[in-house]
2 protein chains.
Amino acid sequence: MKPRARRGGGRPTIADVARLAGVGAITVSRALREPERVSESLRQQIQQAVEELGYVPDPNARALASARAEVFGVLVPSLTNNVFAEVVRGIYDSLSDSSFRVQLGNTHYSGLEEERLLQVFLSQRPAALIVSGIDQTATARKLLETAGCPVVQIMETGPEPIDMMVGFSHFEGGRTAVNHMIEVGYRKIGFLGARMDPRSQRRLAGYRAAMETAGLFDPRLVTTTPVPSSVTLGRDLFRDALAKMPSLDGVFCNNDDIALGVLFECHRASIAVPQTIGIAGFNDLDMMQVAFPSVTSIRTPRYEIGHRAVAMARAEIDGARPENRVVDLGFELKRRESTDRPKN
Amino acid sequence: MKPRARRGGGRPTIADVARLAGVGAITVSRALREPERVSESLRQQIQQAVEELGYVPDPNARALASARAEVFGVLVPSLTNNVFAEVVRGIYDSLSDSSFRVQLGNTHYSGLEEERLLQVFLSQRPAALIVSGIDQTATARKLLETAGCPVVQIMETGPEPIDMMVGFSHFEGGRTAVNHMIEVGYRKIGFLGARMDPRSQRRLAGYRAAMETAGLFDPRLVTTTPVPSSVTLGRDLFRDALAKMPSLDGVFCNNDDIALGVLFECHRASIAVPQTIGIAGFNDLDMMQVAFPSVTSIRTPRYEIGHRAVAMARAEIDGARPENRVVDLGFELKRRESTDRPKN
DNA sequence: GCTGATTTTGGTAGCGCTACCATTCGAATT
DNA sequence: AATTCGAATGGTAGCGCTACCAAAATCAGC
């Protein structure tokens, strides 16, 4: 029977390389994946044939034959939020020295969307999965538990990892920022929050804990909205908060975008920062230290989280079962001018 | 011969579905990909079997058998730059109703890295490729020309598309912004630029054209650096520019990050904006309209570029050869307070 | 009712690679 | 010298799916 014309458009296959190098196909496969299992001389012959033909292995065929794709599935709630962009950058950078690909999914902060994407990702049998947060739905959790590959939950840490975790405590972050504001003398400290995803909720809880401990908590100080965060929204939230409680003397913002909106509004309304109003943000974007006045914020290890998540997953793939399944990378309070209140 | 134990971990295959539905495997395949070619009754039986088993097709097997992966390869120079994050979001959103996956690559503004990633992407036989800019290396261009799939160059337009293009003129954007500043009375307008990738270069060219036409060009007005852009860098560049040319009365910034750095530095140094210094940025990030004073900028259609690129590629995949191979989505000058100079 | 055209369905043979097992061969052991 | 062993290499049989072709079923026209 006449062989069918090559479907693949004439790209060289492993068989072509094998023929040119005068070895069996399987030996080429091994030379490429486990060079130490092939003798020096053959390895060189094969390497030369690969280069001569410009052979690049087909990842699809590889995945099909080995029942495992060299893919890291990554689920984040947003692609444009700078925080997750940094995490994703850390992931990509940490994988650039390997042949792993990244399969990125945007859950839009939706648990259902996360389930759906998980299902899609799983159909590829990924080498590892990285998911954001620790509040997966029960269905998603079950899918992850039976995924048969390393799973890393990122951004937060918690008591019951599906497999591994890398993050920090948003609760402590919020509490630390607010404690600092209380210490330097602010009393009527408002909380401004947008989106209010689980991590925002925990920052709010940290705020509340700090305020209650100091006997300063008042529910009217809290202003939140489910609307996605933006600088514009920061301004609007601040206006609302001030209308509700004109005696406000500080704000802890859910994130830096909101803090920036507050800062701009203070400029516009000629409200002195830090004298009349103190401002603290969360994440410590580059611009916070350049702003005028510079803005106090909680520095979070975004890039490092992506990097570490990949490192842990790769260790597991390589058979070294990491001892620490849950890694807390911490955060750092950056005290700046926006809360530099002259003690009175 | 005894069949080998299932490698794939027992997930249902198309054969399982076919058996349950009492049809041939190929019919299941068709029912899933081209439902109109299968009779109504069988389609329902098959659909039911699929749901009962929780069958999800294996994309790797699909890609191998059809010599074409349902993947859009996307190459961008940066993942954290908000501009590209928006483009990528547009791409993801436009593909979310399909079974296409996205394969994202970060070129780090390097032509060589772009070539390398292209090689990797091509090994998967993607359904389409989206690449940033129009300044590919000769090697990359050749790879793209022979890719055998739709190719869309984004962000810019130019005279010689590899296949299709979606973008706008950075030259005209720069010229428009600077013309506006000249019109309202600024004379010693500096150019502040970071990174200086090809698009930045063209904005600079637009700046220069506007300045020369008005007889205002002076090379000492131009301050650039190859360093990546940031708000901090904007401040530094502005300080340099001012040191070099204290009589500066305006700046056109390569992008909004830099403009924001300038704005903050003006606050800090008590330089009146727009009276003493006028500021214009590029891209029109959300925060520019909230800043105090609000900052004039060139609004660029980032999300729309991603959306349109996907639409054009999909049209081509579906066999409808789009008439317009090069689409200019334009830009819009947003006049704001930072250049609202009182006419004198 | 018959013929030819047009669906609709199924069988077979791969896609390019690797798991599994078999074979070869030289070195070490007895 | 015979036996054992491990390392190096190769052959075979799929992985799960679809392209291609063939067969069966349906339809239209006379």
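Letters go in sequence order (proteins before strands), and every chain restarts at 1.
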### Query
Is there any salt bridge (Lys or Arg N to Asp or Glu O under 4.0 Å) pair reaching into residues 101-114 of chain B, and which pairs are they, with sequence neighbours excluded?
B/Glu113-B/Arg116

### Task
Could you note down all residue pairs passing salt bridge (Lys or Arg N to Asp or Glu O under 4.0 Å) where residues 44-58 of chain B supplies at least one of them, sequence neighbours left out?
A/Arg125-B/Asp58

### Query
Looking only at side-chain N and O atoms, does B/Ser29 come under 4.0 Å of OP1 or OP2 in D/dT18?
yes

### Message
My understanding is that only residues two or more places apart in sequence, or in another chain, count here; which of them pass side-chain hydrogen bond (donor to acceptor under 3.5 Å, both in side chains) with B/Gln44?
### Response
B/Glu40

### Those residues that, when tested against B/Tyr303, pass ring pair (Phe, Tyr, Trp, His ring centres under 6.0 Å) (two or more places apart)
none

Atom pairs under 3.5 Å: protein N/O with N/O of nucleotides 7-9 of chain D:
residue : atom : partner : partner atom : Å
D/dT9   : OP1  : A/Ser39 : OG           : 2.9
D/dT9   : OP2  : A/Ser39 : N            : 2.9
D/dT9   : OP2  : A/Ser39 : OG           : 3.3

Gap between atoms [atom1] and [atom2], on [X] and [N] respectively (whole Å):
X	N	atom1	atom2	answer
A/Leu64	C/dC15	CG	C1'	9 Å
B/Arg33	C/dT8	CZ	P	16 Å
A/Glu70	C/dC17	CD	P	13 Å
A/Ile14	D/dG10	CD1	C1'	13 Å
B/Arg19	C/dG11	CZ	P	13 Å
A/Leu32	C/dG16	CG	P	16 Å
A/Asn60	C/dT18	CG	C1'	14 Å
A/Glu34	C/dT18	CD	P	10 Å

Nucleotide nearest [X] when distance is taken to its side chain, options [options]:
X	options	result
A/Ser66	C/dG16, D/dT18, C/dA19	C/dA19
B/Ala61	D/dG16, C/dT18, C/dG16	D/dG16
B/Arg62	C/dG16, D/dT18, C/dT18	D/dT18

List, one per line, each side-chain donor-acceptor pair under 3.5 Å for residues 305-314 of chain B, sequence neighbours excluded.
residue  : atom : partner : partner atom : Å
B/His307 : ND1  : B/Ser94 : OG           : 2.9
B/Arg314 : NH1  : B/Ser94 : O            : 3.0
B/Arg314 : NH1  : B/Asp97 : OD1          : 2.9

### Query
Near DNA chain D, which residues from residues 44-55 of chain A have a heavy atom under 4.0 Å away?
none

### Message
Can you list everything that forms a side chain to side chain contact (heavy atoms under 4.5 Å, CB included) with A/Ala15? Sequence neighbours excluded, please.
### Response
A/Thr13, A/Arg19

#### Entry: Residue of the set A/Glu115, A/Lys142, A/Gln153, A/Glu145 for which side chain to side chain donor-acceptor pair (under 3.5 Å) holds with A/Gln136
A/Gln153

### Message
Enumerate the ring-ring contact (aromatic ring centres under 6.0 Å, His included) contacts for residues 113-166 of chain A, please, sequence neighbours excluded, ordered by first and then second residue.
### Response
none

### Task
For residues 51-74 of chain B, pull every pair meeting ring-ring contact (aromatic ring centres under 6.0 Å, His included), keeping only residues two or more places apart or in separate chains.
B/Phe72-B/Phe100

### Query
Within a strict 4.5 Å, meaning less than it, do heavy atoms of the A/Asp16 and A/Leu20 side chains meet?
no

Enumerate donor-acceptor pairs with a distance under 3.5 Å from any side-chain N or O in residues 73-85 of chain A to protein atoms, sequence neighbours excluded.
residue : atom : partner : partner atom : Å
A/Ser78 : OG   : A/Thr80 : N            : 3.2
A/Ser78 : OG   : A/Asn81 : N            : 3.0
A/Asn81 : OD1  : A/Val83 : N            : 2.8

### Query
What does the inter-axis angle of the helix from C/dG1-D/dC30 to C/dT30-D/dA1 come out as, five pairs per end, nearest 10 degrees?
30°

### Residues B/Ser66, B/Arg62; criterion side-chain hydrogen bond (donor to acceptor under 3.5 Å, both in side chains); working and verdict
CA-CA 6 Å; B/Ser66 63; B/Arg62 224 173 221 193; over 6 Å; no

